[in-house]
K.L.:
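Here it is, the structure, as structure tokens.
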Amino acid sequence: MGFFSFLGRVLFASIFILSAWQMGLIGRSIMEWSVNSNLLKRIDVGAVIASSSCLFNEFGDDGGPAAEQWAPKLGLVKKYIDGIIGKNNFHIDARTFVAASIFLNGFGGLLFVLGSSFGAYLLMYYLILTAPLMYDFYNYEAGKPEFFRVLCEFLQCAALVGALLFFLGMKNSITRKQPKRKITKSKAA
């Protein structure tokens, strides 16, 4: 049972870890990178980690293509919040948002694989912050094909949050190993 629990956590966390990896790699294909850096000839873990640091050059000073994708949606959030708390009291930087998303995905996924409830909380925070912005079904007219596609993806994120809540609930409900009580035998008279 322990192996299947670990395997399930690895498969579940791979969604988030690969998503973080993709956010850092946006603009390049992994295959081009592996062919150009001759990683097909050498499969050394140290070399893979060392040469993977050059892949995050796409992030750059402005946050790269991922920040460009998030900027309009974060602008709408800023406009909405400015209407509530007043103008220029709240600032959302797309580059910082992308960096935080990469951190929450990657680090949270790794901790989740190790069975940490903190990793599950990080992944849950990521989903709660990004799913309503990424899958904004509420901006589409009901009945259109795009509405159903975006709503389906939003509900998949909601299901992932539910799975994380289930993991946290099960982790907290499992009783810790209790010491065995000594059974006292009655003496025969």
K.L.:
Honestly curious: do Ile102 and Leu18 fall in one hydrophobic cluster under the side-chain, below-4.5 Å linking rule?
P.N.:
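Not linked; separate clusters.
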K.L.:
Tell me whether Leu76 is reachable from Phe147 by hopping between hydrophobic residues (I, L, V, M, F, W, Y) whose side-chain heavy atoms are closer than 4.5 Å.
P.N.:
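As far as the 4.5 Å side-chain criterion goes, Leu76 and Phe147 are not connected within one cluster.
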K.L.:
What distance do Leu129 atom CG and Met124 atom CE have between them, rounded to the nearest 0.5 Å?
P.N.:
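Leu129 CG to Met124 CE: 11.0 Å, rounded to 0.5 Å.
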K.L.:
Quick one: do Tyr126 and Phe166 end up in the same hydrophobic cluster if we chain Ile, Leu, Val, Met, Phe, Trp and Tyr together by side-chain heavy atoms under 4.5 Å apart?
P.N.:
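No; tracing contacts between hydrophobic side chains, which count when under 4.5 Å, never links both residues.
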K.L.:
Does any part of the side chain of Tyr135, heavy atoms only, come nearer than 4.5 Å to the side chain of Leu155, both counted from C-beta?
P.N.:
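When only atoms from C-beta onward are counted, Tyr135 and Leu155 do not touch, as no gap falls below 4.5 Å.
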K.L.:
Let me confirm one number: the CG-OH distance from Leu168 to Tyr121, rounded to the nearest 0.5 Å.
P.N.:
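With rounding to 0.5 Å, CG (Leu168) is 4.5 Å from OH (Tyr121).
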K.L.:
If we only count heavy atoms from C-beta on, is the Leu122 to Phe112 side-chain gap below 4.5 Å?
P.N.:
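Heavy-atom side-chain distance check fails, nothing below 4.5 Å.
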K.L.:
Looking at Ala131 and Cys157, what are the two nearest heavy atoms and their distance?
P.N.:
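Shortest heavy-atom separation between Ala131 and Cys157 comes out as CB-CB, 3.7 Å.
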K.L.:
Is Lys73 reaching over with its side chain to a backbone N or O of Met134, donor-acceptor style, under 3.5 angstrom?
P.N.:
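Side chain of Lys73 to backbone of Met134, a donor-acceptor pair under 3.5 Å: yes, one is there.
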K.L.:
So, do Phe12 and Phe167 have ring centers that fall under 6.0 Å from each other?
P.N.:
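No; Phe167 has its ring centre 6.0 Å or more from that of Phe12.
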K.L.:
Using 0.5 Å steps for rounding, measure from the CD1 atom of Ile85 to the OH atom of Tyr80.
P.N.:
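The OH atom of Tyr80 is 11.5 Å from CD1 of Ile85, to the nearest 0.5 Å.
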K.L.:
Measuring from Asp136:CG to Glu153:CD, what's the distance to the nearest 0.5 Å?
P.N.:
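That separation rounds to 11.0 Å.
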K.L.:
Nearest heavy-atom pair of Asn105 and Leu123: which atoms, and what distance?
P.N.:
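The answer is O-CD2, 3.9 Å.
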K.L.:
Would you please test Val113 and Phe6 for side-chain contact (heavy atoms from CB on, under 4.5 Å) and show each step?
P.N.:
CA-CA 7 Å; Val113 167; Phe6 176 74; 3.7 Å; yes
K.L.:
I'd like to know if the side chain of Tyr138 reaches the main chain of Pro132, judged simply by a donor and an acceptor atom lying under 3.5 Å from each other, with no hydrogens or angles considered.
P.N.:
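Yes, because the side chain of Tyr138 sits within donor-acceptor range (under 3.5 Å) of the backbone of Pro132.
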K.L.:
Hey, any chance Leu164 and Met170 share a hydrophobic cluster, counting ILVMFWY side chains that come within less than 4.5 Å of each other, even indirectly?
P.N.:
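Not linked; separate clusters.
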K.L.:
Test your reading of the model: is there a side-chain donor-acceptor pair from Lys78 to the backbone of Ile92, 3.5 Å cut-off?
P.N.:
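Checked: no pair found.
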K.L.:
Which value, rounded to the nearest 0.5 Å, describes the distance between Ile15 atom CD1 and Gln156 atom CD?
P.N.:
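So the gap between those two atoms works out to 9.0 Å.
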K.L.:
Taking all atoms of both residues into account, what is the closest heavy-atom pair of Gly109 and Ala13, and its distance?
P.N.:
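Answer, listing the atom of Gly109 first, then Ala13: O-CB, 3.4 Å.
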K.L.:
Rounded to the nearest 0.5 Å, how far apart are CG of Leu111 and OG of Ser117?
P.N.:
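Between atom CG of Leu111 and atom OG of Ser117 there are 9.5 Å.
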K.L.:
Looking only at heavy atoms, what is the nearest atom pair of Thr130 and Ser101, with distance?
P.N.:
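Shortest heavy-atom separation between Thr130 and Ser101 comes out as CG2-OG, 4.1 Å.
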K.L.:
Evaluate whether atom CD of Glu146 has more than 12 neighbouring non-hydrogen atoms of other residues, nucleotides or ligands under 6.0 angstrom away.
P.N.:
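No, because the 6.0 Å sphere around CD of Glu146 holds 12 heavy atoms or fewer from other groups.
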K.L.:
Count I, L, V, M, F, W, Y as connected when their side-chain heavy atoms are under 4.5 Å apart, and connections chain through other members. Are Phe107 and Ile128 then in the same cluster?
P.N.:
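Yes.
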K.L.:
Assess whether atom NZ of Lys79 is packed by more than 12 heavy atoms of other residues, nucleotides or ligands within 6.0 Å.
P.N.:
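No, because the 6.0 Å sphere around NZ of Lys79 holds 12 heavy atoms or fewer from other groups.
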K.L.:
What class does the angle between the rings of Phe154 and Phe137 fall in, given that below 30° is parallel, 30 to 60° is tilted and above 60° is perpendicular?
P.N.:
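Tilted.
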